[in-house]
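Contents: one structure, followed by commentary.
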Amino acid sequence: MTKTNDIQVNLTAKDLATDQDVRWCPGCGDYSILKQLQSTLAEANISKEDTVFVSGIGCSSRFPYYMDTYGIHSIHGRATALASGLKASRPDLSVWIITGDGDSLSIGGNHLIHLLRRNFDVNILMFNNEIYGLTKGQYSPTSPKGQTTKSSPMGSLDHPFNPAALVLGASATFVARSMDRDPKHMREILKAADSHKGTSFIEIYQNCNVFNDGAFEVFTDKGTKADNVILLEEGQPLIFGADSDKGIRFEGMKPVIVSLSDVSKDDLWIHDSKDETKAYFLSKMFDEPGSEGAMPRPFGVFYQEDRFRYEEAMNEQIDRAISLKGKGDLDKLIRGSSTWKV
Amino acid sequence: MTKTNDIQVNLTAKDLATDQDVRWCPGCGDYSILKQLQSTLAEANISKEDTVFVSGIGCSSRFPYYMDTYGIHSIHGRATALASGLKASRPDLSVWIITGDGDSLSIGGNHLIHLLRRNFDVNILMFNNEIYGLTKGQYSPTSPKGQTTKSSPMGSLDHPFNPAALVLGASATFVARSMDRDPKHMREILKAADSHKGTSFIEIYQNCNVFNDGAFEVFTDKGTKADNVILLEEGQPLIFGADSDKGIRFEGMKPVIVSLSDVSKDDLWIHDSKDETKAYFLSKMFDEPGSEGAMPRPFGVFYQEDRFRYEEAMNEQIDRAISLKGKGDLDKLIRGSSTWKV
Amino acid sequence: MTKVTEKKEDVIILFAGDSGDGMQLTGSLFTNTSALYGNDISTFPDFPAEIRAPLGTVAGVSGFKLHFASVDIFTPGDDVEVLVAMNAAALKANLHQLKIGGTIIANTAGFDKKNLRLAKYDNEQSPLLDKSLDKFRVIELDVSKMTREALVDSGLGTKEVDRCKNMYVLGFLFWMYNRTLENTETFIKEKFAKKPDIRDANIKVLKSGYFFGDTNETFTTRFEVESAHLPKGEYRSIMGNQATAIGLIVAAKKANLDLFYGSYPITPASDILHELARHKNYGVKTFQAEDEIAAVCASIGASYGGAIGVTASSGPGIALKGEAIGLAVMLEIPLVIINVQRGGPSTGLPTKTEQSDLMQAINGRNGEAPLVVIAPHSPSDCFHTIIEATRISIEHMVPVMYLSDGFIANGSEPWKFPAAEDIKEIKPNFADAEKSLEDGAFYPYARDERLVREWATPGMKDLQHRVGGLEKDFKSGNVSYDPANHERMVKVRQEKVDRIADFIPEQKIEQGEDQGDILVIGWGSTYGASRTAVRELINEGHKVSQAHIKYLNPFPKNLFDVMKNFDKVLIPEINNGQLINLINAKYDLRAIPFNKIKGLPFTSREIKEKLLELLS
Amino acid sequence: MTKVTEKKEDVIILFAGDSGDGMQLTGSLFTNTSALYGNDISTFPDFPAEIRAPLGTVAGVSGFKLHFASVDIFTPGDDVEVLVAMNAAALKANLHQLKIGGTIIANTAGFDKKNLRLAKYDNEQSPLLDKSLDKFRVIELDVSKMTREALVDSGLGTKEVDRCKNMYVLGFLFWMYNRTLENTETFIKEKFAKKPDIRDANIKVLKSGYFFGDTNETFTTRFEVESAHLPKGEYRSIMGNQATAIGLIVAAKKANLDLFYGSYPITPASDILHELARHKNYGVKTFQAEDEIAAVCASIGASYGGAIGVTASSGPGIALKGEAIGLAVMLEIPLVIINVQRGGPSTGLPTKTEQSDLMQAINGRNGEAPLVVIAPHSPSDCFHTIIEATRISIEHMVPVMYLSDGFIANGSEPWKFPAAEDIKEIKPNFADAEKSLEDGAFYPYARDERLVREWATPGMKDLQHRVGGLEKDFKSGNVSYDPANHERMVKVRQEKVDRIADFIPEQKIEQGEDQGDILVIGWGSTYGASRTAVRELINEGHKVSQAHIKYLNPFPKNLFDVMKNFDKVLIPEINNGQLINLINAKYDLRAIPFNKIKGLPFTSREIKEKLLELLS
Ligand SMILES: Cc1ncc(C[n+]2csc(CCOP(=O)(O)OP(=O)(O)O)c2C)c(N)n1
Ligand SMILES: Cc1ncc(C[n+]2csc(CCOP(=O)(O)OP(=O)(O)O)c2C)c(N)n1
Ligand code: SF4
Ligand code: SF4
Ligand SMILES: [Mg+2]
Ligand SMILES: [Mg+2]
């Protein structure tokens, strides 16, 4: 949750920029994400001094340098761990974690899943470019099997993670997907994440035009997007296609693609982000685009749930301890329970 | 997959024991698991020298010392990583990973999920006692929220992992659950895991009678077991209850408990371990026992899938490289592609 | 029958039995009563590596050593005077510590065939029955039987009855050492307030043991250890880990900061976590992380947020934290890292003590990453030293590594505790927009004369800034790849640590003259053994002195001056020679190493003998 | 028009431009051709930290320094003779390296207003137009324009056309240094075999550049650097990381073991992974793990399985491996750990070179955990040194840390490569049931006179055994908590490493007499700069010698003997003083530190000046 400015100043995206040169490659998808986040936070009129950006290491992780808030560009994979301690000790802050697919799912996988189960009220933006950008192009845990990269000249042997499935398995309370090339969608999702109380996990498809150009082209290219993307809208049926003529409905326990000429909209799968089972099915819509019988890839908020936040529970426990035992007195602590005199 | 003895010796469980004193607390659930595994492997007539037990650190992780096979008692959380390298370099070996809930899900969480996605053909036995035994009783990532332990005198604040859900989210190809107190069931599951090609993950409920006695009592105690446990059998309907009078069926996309006096067996959920969706629902049957509308806890093989094994793909790639470029010649390598003479 | 009472200056009792026999509690209760009698005290528990190793085996023996005295003492002592052996394994494991003429109190029920076999006595031959114990005085008690008899009408089950066994021994020892039961009775009453039958049973058995001594014919001598001439004041008994924990709470309050403690359990550091978790009403936040890396990173995050972040572990866990500690060095924010050292390398001897992580503390990170290293030397000293560690970390914006060890952590001693108000305030170097802005710009890496930068924490208006692990411009803190800036920053980080030498006490001579034949100079838990050994030699007329280094990085400025006045410098360490390496690398002097690497502390006799050898 | 050709002994060219300008390739191609001309060569690429830092800025400049000569050379050299500046930022970033009178080849298209602004030239004032470059010779080429003109009919798009720019400069330089285009043409033909239009365009532009020099009136002088008097034989050009990679493959084959390489990408170590992954047909198994901890653990697992496990990283990644390396120390199995050092601490200066992880290599683990440390001193030396590292690790059952650095890793030099058959076999100390069983029992920790245990790997019948990180019995390897055994094992592990000094060459004097005024003694990548500096001083009549330490732990047995014959010992290091610490701690001698911590290698001039200062 973002902390907003008490005094009514009207921030613009520019107010959130720093004096540092932005150092991504020309054409990198990161620029768009930076811009959308600056706009979204400016619109939300955040309090800059109460906002902290925490990142690990990677191209994406340079993000904090470009936000005129507090920020830490920490070490590889540990942004989530750092942010946990920060949020636990300062629940009043608005904390944003910026991470890459390598940073969060490779070296940082463990801290990620633990942060998710603990459900600190922070936002995680995972820039998924299916590659290690900063180290110049090795495959990542989201790279498709067989991808040839510097470290896999004959093709990667790793079965990739399905990030949405993984984080749902780790009890995430907010799971969403967006993409660098759809600024409007991204702003919406960022806003939704910001207002979620608990950990928000957003996977953002981000094009690395230097080492993995076009990885998400089917989802972003005008020609192919309509057939391969399904935009989730709360309470709305799952419809896609260039002519919005296709939908998805459940047959038994299987989602199938149907033509809207055969099936009424009311019979379609209605998106309900509170429904864990549906979220499961959304996460499983992860087919290789264009493969036989492939389902379109969903974008939007898959799931959200209200569950207790670690930092709140922590403070409640402290309050309870104080109400039970009284506010700690140092002399009592030092004396302990039994003393004697000489 | 176990490697069996070529020469037909008939092993007994005792042949698999070492001369080391078994050093668990009297009454610890670990004894039973040791015994069942020794019996199962003796029955499978394994080749002792081709079998390796790898563990991390924890009470459970002392296991390798008691198996007269090769073994490594490594460091905390890393058994999975070690075993990956071992199996990659020696696909011929039968590799067993012994780990605790802390070892595998706390410090070792990342290596676990990566091993699962890579699907090395190894077996993971996760002894879940919902506590850190070796370090004398702190809560673990599977301890229920609110559990009071040495490190949580006012109750743990952590929302626990659902291990089955987590590993399914990480693309596990074999997921099962068993318990120390049901030797027969355990042997069956161990056998199934052994014959699965790919990573087998078995969660074993194990009683730590010193620091968390009775954590699984509802599932093991004669009086309560029948109502709280559902034993999964391939192709069979999900039936439970002291008089086998209750079953589970799907209503819409929701599993519900029904009475067999109202519903025919044929209408029940038929267990199919190849069905990923059903496995998902099984993993979600994770209610606190006795809580309002609680589902019984499933035991058995939740899921199994045949997916390529990392080590096989790795060797195939090497073979392919050899067939493309010829078996490497050292002089060629040293010379490189361009030389000159002085 | 009249019983004779004999005065003793000091006595060492070793309580030994199976892990389940309650020896740790028995020892602690005897300790508490002795403390009330005004004795000086030092204790040392020795756990088996397993939670409950197989009943009856040597591996399963749990021991608690208590040294109490009417004179100043500094160690749990060398020669055991009384060995309580609840079973054969306990005797076997510890007999070598008993001095000739010492007393064995043997629970005969623990010497049956089964126990003898488990303890691996040849042919199941009981040592109580052959001549092997001739050099000792053996008191046989059938503790189990007598406990059962005492409780025959209690209505308790056998298991519960047997759990009272240790009280019998304790009662008997109270008789032997002429102590009242009062304090222990109070303890039992409080502990079992909700279980009256257990409470009564324990008290009954305790008394039975006492009465047995009192009435039985064979036991004619009682011993008395008078109160020590400790400085006047109010005392409590304190264990090292406990002192560390409460010291942290005090330090945070003195700095007016929240305490955030991120840790992952590991022996022997976990008890600090346990202790802190009990004091939530002091606003303490304990965070049991998923691993050591998360623990240290969370603590760094907390420090960035303006709390004092503390993380603790033991050797292997500290190894994991190295990379993140390097980040803290770069960030130049407060962070206290506690290492309760244990036997290494790798998993090593997790329940044994060692001082072998000093080099790791100094060097266990990539690059030039200097930090402050400081070590307590006794259980109560943990309190003062952790406050000092926290003070330096906060006031100098630098990570501080605090090196305790298993011996100090689990040992206890009487402590004339201070009043909270007598502890100095700690002053964080907070930035604020008023004073910190320079023409409207904030320079987070600008420094004062101590080379300390300001601490700007989120929420401070107009001081937004970004920090990270990449090299930073010396003033703006922005990323800088400038070669000269890098060299400057490496030197500045080193110099900042070095200058802390201006803010710590000079090295003093602990005892003896400031020149002479030999200076014994140690660090950490060797203090007590050296202290005793050197005291004895001084009393015997030798020109020996002792100094003890608390500040291991930077060293006190006068350290070399202190050392160079001695012909020889002896450095005893529970490792293969680490402090000596630092000293030899830095100073023109070749000190003499003295090393013990057995997972056990030095005895004062070992040090004394080494000194005598060097003196001759 | 006649052109004059002038002979030169050595030339240093620095190719500098935006990351996208292809300067690394240009430099490499010039290097290859020079190699074919028989020059001695040394190169040093200097990347920006960003993948593609903002176009046109100083931060985005990518450089490739090439030193080629008709004499022996050991470094990429100090003073640049020719600076190729593809834009204003490239000039700005590198002008300080150009010697007075040196030549600037400036691409005028890179000096427009925009480029001048991005490079932060005051008032967008072009240095080509004011007097600031008066001390140099400036050759202005409108490379962009000429490239476009050359390709006006090629049918290629602007983007593709512009990508050929670097060929123009290369062609021009080939003309300037009197070299043929043949080799480069062959390269282009192979590389673009499948894209004939691109191939033709590149060749056309290359030739245009050459012809421009040939025909244009202003360029009257050409230079010639004759072939060096290198030992006769066949040469190739080799980069450090490449040499490390192929050395590993050779070592594994020489030991008849599978090579398992577990690694997680990190600059500047990743290229070893990339290189190895290309040689799958040699049976190499590369495993890109999820992190550094998994990487080292997987490698340990592979070694346990009987392969040679190798893991590599750079500073921060090595910090993460510390705990697991301790396990390998305990297991006493082969493991090679490669650290390609970079600027630290923390993330530091990831694309810059440094030697600051030596202390981490020696001490970066908990407990007493000695291992072998060894360092290559030049790109081709990586080949021999990694084989030596692997040999020691396998034959002595001990982890070996190999310390390369960014300078060596990315630098290149000509290499008179050996024949495979001339490389010594490596002999693993395998157990087998025949010889290893003692009365039917296998004792995995029994040792030979070198204190080396046998390697029993899964699959060996009757040799099943269990190993782990807990302290082990000195013979059976079973867990042992015995105090005396622990001390014994700590000492044995140390002694085993120490005894390796019996199996390595004695320290030799690299050049100069074996006594004199000053000995320069370094390690790793300072070799070349010291070599040049000392050679010059010797030639000038000074009593200066050079030694260089490859074996950093254990040191060669005679190291002190070598050093003590000099009045002064100077230790240059690219850190704040690490080797000097080890030497001062160990030997009775106070060496003189000489440190540079700028993310850059020493120049020979810096060392020479320091030596002259000490000599006077
Ligand atoms: C401990 C450590 N290991 C490895 C690295 C090298 N490294 C830096 S970023 C990175 C991966 C980057 O990939 P990703 O997180 O996907 O970010 P991207 O650059 O693609 O945005 C790696 C391996 C490091 N900096 N630190
Ligand atoms: C790096 C490291 N951190 C912490 C420890 C301490 N430690 C040993 S086992 C363990 C947890 C044990 O719990 P679990 O894995 O559930 O095993 P159990 O003892 O319950 O079988 C911990 C925290 C360690 N040995 N090494
Ligand atoms: S390498 Fe890829 S991800 Fe990194 S800045 Fe360049 S385009 Fe973006
Ligand atoms: S502590 Fe618990 S898990 Fe460990 S051996 Fe004892 S009973 Fe078993
Ligand atoms: Mg990425
Ligand atoms: Mg457990």
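Proteins come first, then strands; the chains are lettered A, B, ... in the order of their sequence lines, and each starts at number 1. Values in this document were obtained by computation on a predicted structure and should not be read as measured data.
The closest side-chain heavy-atom distance from D:His486 to C:Glu354 is below 4.5 Å.
Only the side chain of C:Ile293 comes within contact range of chain D, with at least one heavy atom under 4.5 Å from a heavy atom of that chain. With a 4.5 Å cut-off on non-hydrogen atoms, C:Ile318 does not touch chain D at all. Neither the backbone nor the side chain of D:Lys472 comes within contact range of chain C, judged by heavy atoms closer than 4.5 Å. Proximity to chain D is limited to the side chain of C:Gln494, based on heavy atoms less than 4.5 angstrom apart.
Top candidate by heavy-atom pairs under 4.5 Å with chain C, chosen from D:Leu600, D:Ile325, D:Asn595, D:Thr347, is D:Thr347. Most heavy-atom pairs under 4.5 Å with chain D: of the set C:Val329, C:Asp482, C:Asp588, C:Leu582, this distinction falls to C:Asp588. Among the candidates D:Ala361, D:Gly348, D:Pro370, the residue making the largest number of heavy-atom pairs closer than 4.5 Å to chain C is D:Gly348. Among C:Pro345, C:Gly326, C:Ala369, the residue with the largest count of heavy-atom pairs under 4.5 Å with chain D is C:Pro345. Ranked by heavy-atom pairs under 4.5 Å with chain D, the first of C:Lys596, C:Lys352, C:Arg590, C:Met330 is C:Arg590. If you tally non-hydrogen atom pairs under 4.5 Å between each of D:Gly599, D:Ala319, D:Pro483, D:Gly364 and chain C, the highest count goes to D:Pro483. For chain D, the option among C:Gly344, C:Ser480, C:Gly577, C:Gly469 with the highest count of heavy-atom pairs below 4.5 Å is C:Gly469.
D:Asn366 contributes a side-chain N or O that, together with a main-chain N or O of C:Ser346, makes up a donor-acceptor pair within less than 3.5 Å. Under a 3.5 Å cut-off, the side chain of C:Asp357 and the backbone N or O of D:Gly367 do form a donor-acceptor pair. Between the side chain of D:Arg365 and the main chain of C:Gly315, no donor-acceptor pair closer than 3.5 Å is present.
Evaluated for a side-chain hydrogen bond (donor to acceptor under 3.5 Å, both in side chains) with C:Asn576, the options D:Glu487, D:Arg493, D:Lys491 yield exactly one hit, D:Lys491.
Interatomic distance, CG of D:Asn581 versus CG of C:Asn584, reported as 11.0 Å (0.5 Å rounding). One finds the CE atom of D:Met359 at 13.0 Å from the CD atom of C:Gln360 (value rounded to the nearest 0.5 Å). Note: D:Glu323 CD to C:Leu320 CG = 4.5 Å, rounded to the nearest 0.5 Å.
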Kindly indicate, with the supporting measurements, whether the criterion side chain to side chain contact (heavy atoms under 4.5 Å, CB included) is fulfilled by D:Gln578 and C:Glu368. CA-CA 9 Å; D:Gln578 301 201 359; C:Glu368 299 286 349; 2.8 Å; yes
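Closest approach of D:Ala484 and C:Lys598 over heavy atoms only: CA-CE, 4.2 Å.
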